[in-house]
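Both counts, for ligands and for their atoms, begin at 1 and track the order of listing. All heavy atoms count here, side chains included; hydrogens, waters and symmetry mates do not. For the single chain, residues carry numbers from 1 onward in sequence order.
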Amino acid sequence: MLARAKPEYAIPEVCRNFVNGQWVNSSVRLPVINPVDEQVLTEIAEADAGLVDDAVGSARRTFEKGTWSKLGLEERQKVLFRIADLIDEHADELAWLESMNIGSPLSQCRGRHVPRAAYNFRFFAEYISQSRSDAYTQLDNYLSVVTREPVGVAALIGPWNAPIALTSMKIAAALAFGNCCVVKPSEISPLTALRMVDLIRESGVPDGVVNLVNGSGAVTGAALASHPDIDVLSFTGGTATGRAIMSAAGQNLTPVTLELGGKSANIIFDDADFERALDGALISIFSNNGQQCLAGSRILVQEGIAERFIDAFVQRTRNLRIGDPLLPETEVGPLATKQHLDRVHSFVDTLEADGCKLLIGGNPCAGFEKGFYYEPTAVLAPDNKAVVCQEEIFGPFAAFQIFKTPQQAWDIANDSKFGLLGYVWTSNYATAMAAHEHVKSGVLCINSPIIRELRAPFGGYKESGVGRESGAACEAFYSELKTTAFLTGDVPLRKLGAGEA
Ligand code: NAD
C-alpha cells in the first residue's frame, strides 16, 4: 500500500456541543475511531438530557424572537446561498474529514457527497422564492387565504454512512422554511456536521438557530426524540431505531419523517445494455463501501444472460481497488466500525443453511495490518428466502438471484419488508413501463443507478420509511398551513340572546 497522504486539516480533540452560539463541553467522552488505523481520531463530549433540553430551549427562544423565522425571504436566501458557497470553498477539507471519519473513498466524498451538501442549501434557497399558496373564493362573501408559517423547532437526527450529504439536507430544509433546529449527528461520525455548523455560523445565521448535540443514541438521541418541545422530527437511520424514535415522538404527537433501511432489487433483463447494467450493478452495491440505504443489494438477473453477467460481475469485483480511502485510486475503503465489520461478516454464517453459493469475498481483507476492511462479496442465492436476500447487510455484499419471467422479477422484488429503491435495466419500453407499474418502492430508476432529483419525493414504502423528502414534501413537513377566512361582503349574524324575555 502507498504511504497515506499527510493530514492536511485539523481534527478537533473533542467534538463539543453547540448551544445558543456557544461551544459547550461535557464530562462524558466517547471515542471516535479511525476505521483505517483503528486509533482514536477524536472524542465526542456527550450531551445528556439536561444539555439536550438547553439546546431545545435555545432553539425555541430564538424561534420566538423571530430573528430567523421572521427574516425577509431575500435575506434568508442570501444566508443559505452563503452557506452553500462556504461549503464549496471548504469542499476539500470537508471531504477529507468525512473520509477520515467513515472510511468512504475521498474521491466519492469530494466528488458527490460534499457538492451535494452545497447543492442542498442552494436548492432550498431557490425553492422558497417560488413557494405559492391557495386562495378560495367560491364561498360567497368570504375570501379564504392559505398561508404557511414555520413550524418551530425541528429535531434532526442523522446516520453515519453519508453524514454531510444527509444532514445538510435536513438542516437546509428546516432553515429555508424559517425554523430553528437541534441537530444530532451519529456518534460514529461527528466531524463534518461539526465543521458545517462552524460554516453556518460564519455565513451569518443568528445564534440559537442551529444547535448541535453530540452523543449516543441511547442518551442524547433518546432525550431529543422524546423532548416535548420539539415540533417536528426528521430521522435517517436504521429501521429498528426508526421504530423507537417514532414511539418516543408519538408520546408528544410530534410528527416524524423516517428515512430507513433498504434491500433494493436491481433487476437486469436479458435485453439490457450489458455493459451499462454491469457498471450500474457495481456502482449500486460497492459505492460508499456498500454502506448505503439505496444499495442495489439484491441483484436479479434474467436467465438468458445470468451466467455471463455474474461472471463479469465477479471479475470486476476481483479488480476493485481496496485501500486507504484517502488515496485517489481507492474504490473501496474500510467499513466504518469494527462492530459493523463483524455484523457484515456474520451473514456468511447463514449461507450454507440457505443453500447460497459464495462467488467471491466473504472475509475481512487479508493484507491490511489494521483497519476494518472487508472483501467485496457476492453470493448466488437459490431463492429470495435466504437471509442475505431479506436482511439489510449494509456492506459490500451482493446477493444474486436468477429469474425467468418479468412477473417473477416483480414478485421477488416485492417480497421484502423494505421498499426504498428499485433498479431496472432493459431496452424494452414495455418492460420499463411494467416495472413502473409493479415494483413497490418509493423510487425506481430505469437504466440508471440512483439519481436523486430533489424536486421529486425520496423515501420508502413499508419498513423503509415514513414520509418523503423533496422540495414540496419538506415544505409541507417544515411548515404549518394556516387558513384565514376574510369576510368580504355583508353576512348577517344570528343575534343570540337578543330575543324578548
Ligand atoms: P442508526 O439507526 O444506528 O443511527 C442513526 C442515528 O440515530 C444516530 O445518530 C444514532 O445515535 C441515533 N439513535 C440511535 N438510537 C436512538 C434512539 N433510541 N433515539 C434517538 N436516536 C437514536 O443508523 P446508522 O447505523 O447510523 O445508519 C445506518 C442505517 O441508516 C441503515 O439502516 C441505512 O439503510 C439507514 N439509512 C437510510 C437512508 C434513507 O434515506 N432511507 C439513508 C442513509 C442511511
At under 4.0 Å between heavy atoms, which part of Asn161 makes contact with ligand 1: side chain, backbone, both or neither? side chain

Which of the atoms in ligand 1, numbered in the order shown and given with their element, are less than 4.0 Å from a heavy-atom of Ile157? 6 (C), 7 (O), 9 (O), 12 (C)

Can you list the ligand 1 atoms lying under 4.0 Å from a non-hydrogen atom of Gly261? 32 (O), 34 (O)

Note: Leu166 and Pro159 closest approach over all heavy atoms is CD1-CG, 3.7 Å

Please find the pair of heavy atoms, one from Gly242 and one from Leu258, that lie closest to each other, and give the distance. O-CD1, 3.7 Å

Best match, Gln292, Glu392, Gln339, Met169: closest heavy atom to atom 34 (O) of ligand 1: Glu392

What residue and atom, counting heavy atoms only, is the protein's closest point to atom 27 (O) of ligand 1, and at what distance? Pro159 CB, 3.4 Å

Nearest non-hydrogen protein atom to atom 8 (C) of ligand 1, with distance, is Gly158 O, 3.2 Å

closest protein heavy atom to atom 7 (O) of ligand 1 is Phe235 CE1, 3.2 Å

Any N or O on Trp160 sitting closer than 3.5 Å to an N or O of ligand 1? yes

Any atoms of ligand 1 less than 4.0 Å from a non-hydrogen atom of Cys293? List them with their elements. 33 (C), 34 (O), 36 (N), 37 (C), 38 (C), 39 (C), 40 (O), 41 (N), 42 (C), 43 (C), 44 (C)

Nearest heavy atom to atom 20 (C) of ligand 1, choosing from Gly221, Ala223, Ala249, belongs to Gly221

Can you find an N/O atom of Ser216 closer than 3.5 Å to an N/O atom of ligand 1? no

Between Phe313 and Phe400, ring centroids under 6.0 Å: yes

Contact between Asn214 and Thr220 at the side-chain level, heavy atoms closer than 4.5 Å - yes or no? no

Contact check: Gly238 vs ligand 1, nitrogen or oxygen atoms, below 3.5 angstrom: yes

Leu191 and Leu41, any side-chain heavy atoms less than 4.5 Å apart: yes

Could you label the plane-to-plane angle of the His438 and Trp410 rings as parallel, tilted or perpendicular, counting under 30° as parallel and over 60° as perpendicular? parallel

Quick check: closest heavy atoms across Leu358 and Val379, and the distance to 0.1 Å? CD1-CG1, 3.7 Å

At their closest point, which heavy atom of Arg201 faces which heavy atom of Gly21, and how far apart are they? NH2-O, 2.6 Å

Any idea which part of Pro185 is under 4.0 Å from ligand 1, heavy-atom wise: side chain, backbone, both or neither? backbone

A student checking ligand 1 against Phe394 at a 4.0 Å heavy-atom cut-off should list atoms 28 (C), 31 (C), 33 (C), 34 (O)

Polar contact flag for Ala218 and ligand 1 (N/O pairs, less than 3.5 Å): no

Set of residues satisfying ring-ring contact (aromatic ring centres under 6.0 Å, His included) with respect to Phe18, sequence neighbours excluded: Trp23

Give a yes/no on ligand 1: does Gly460 have at least one heavy atom closer than 4.0 angstrom to it? no

Please tell me if the side chains of Phe477 and Arg468 come closer than 4.5 Å, counting only heavy atoms from C-beta onward. no

If you take the nearest heavy atom of each of Thr241, Leu420, Thr257, which one is closest to atom 2 (O) of ligand 1? Thr241

Nearest-0.5 Å distance that lies between atom OG in Ser441 and atom CZ in Phe418: 13.5 Å

What atoms of ligand 1 come closer than 4.0 angstrom to any heavy atom of Ser186? 8 (C), 9 (O)

Let's go through Lys385 and Asp354 carefully: what are the C-alpha distance in whole Å and the side-chain angles of both, what is the deciding distance for salt bridge (Lys or Arg N to Asp or Glu O under 4.0 Å) to 0.1 Å, and is it a yes or a no? CA-CA 8 Å; Lys385 288 192 199 71; Asp354 286 346; over 6 Å; no

Compute the shortest N/O to N/O distance between Glu187 and ligand 1 and return yes if it is under 3.5 Å, no if not. yes

Carefully, step by step, assess Asp88 and Arg122 under the rule salt bridge (Lys or Arg N to Asp or Glu O under 4.0 Å). CA-CA 11 Å; Asp88 280 341; Arg122 273 191 197 106; 2.8 Å; yes

How does Ile245 reach ligand 1, by side chain, by backbone, by both or by neither, if only non-hydrogen atoms under 4.0 Å count? side chain

Ligand 1 contact on Leu166 by region, counting heavy-atom pairs under 4.0 Å: side chain

What is the nearest protein non-hydrogen atom to atom 37 (C) of ligand 1, stated with its residue, atom name and distance? Leu260 O, 3.0 Å

Give me the nearest non-hydrogen protein atom to atom 18 (N) of ligand 1 as residue plus atom name, then the distance to 0.1 Å. Gly217 O, 4.0 Å

Any idea which atoms of ligand 1 are less than 4.0 Å away from a heavy-atom of Phe458? 40 (O)

To atom 30 (O) of ligand 1, the nearest of Gly237, Ala222, Ala240 on a heavy-atom basis is Gly237

Rounded to the nearest 0.5 angstrom, the OG1-CZ distance for Thr42 and Arg29 is 9.0 Å

Once the angle between the rings of Phe397 and Phe347 is folded into 0 to 90°, is it parallel (under 30°), tilted (30 to 60°) or perpendicular (over 60°)? perpendicular

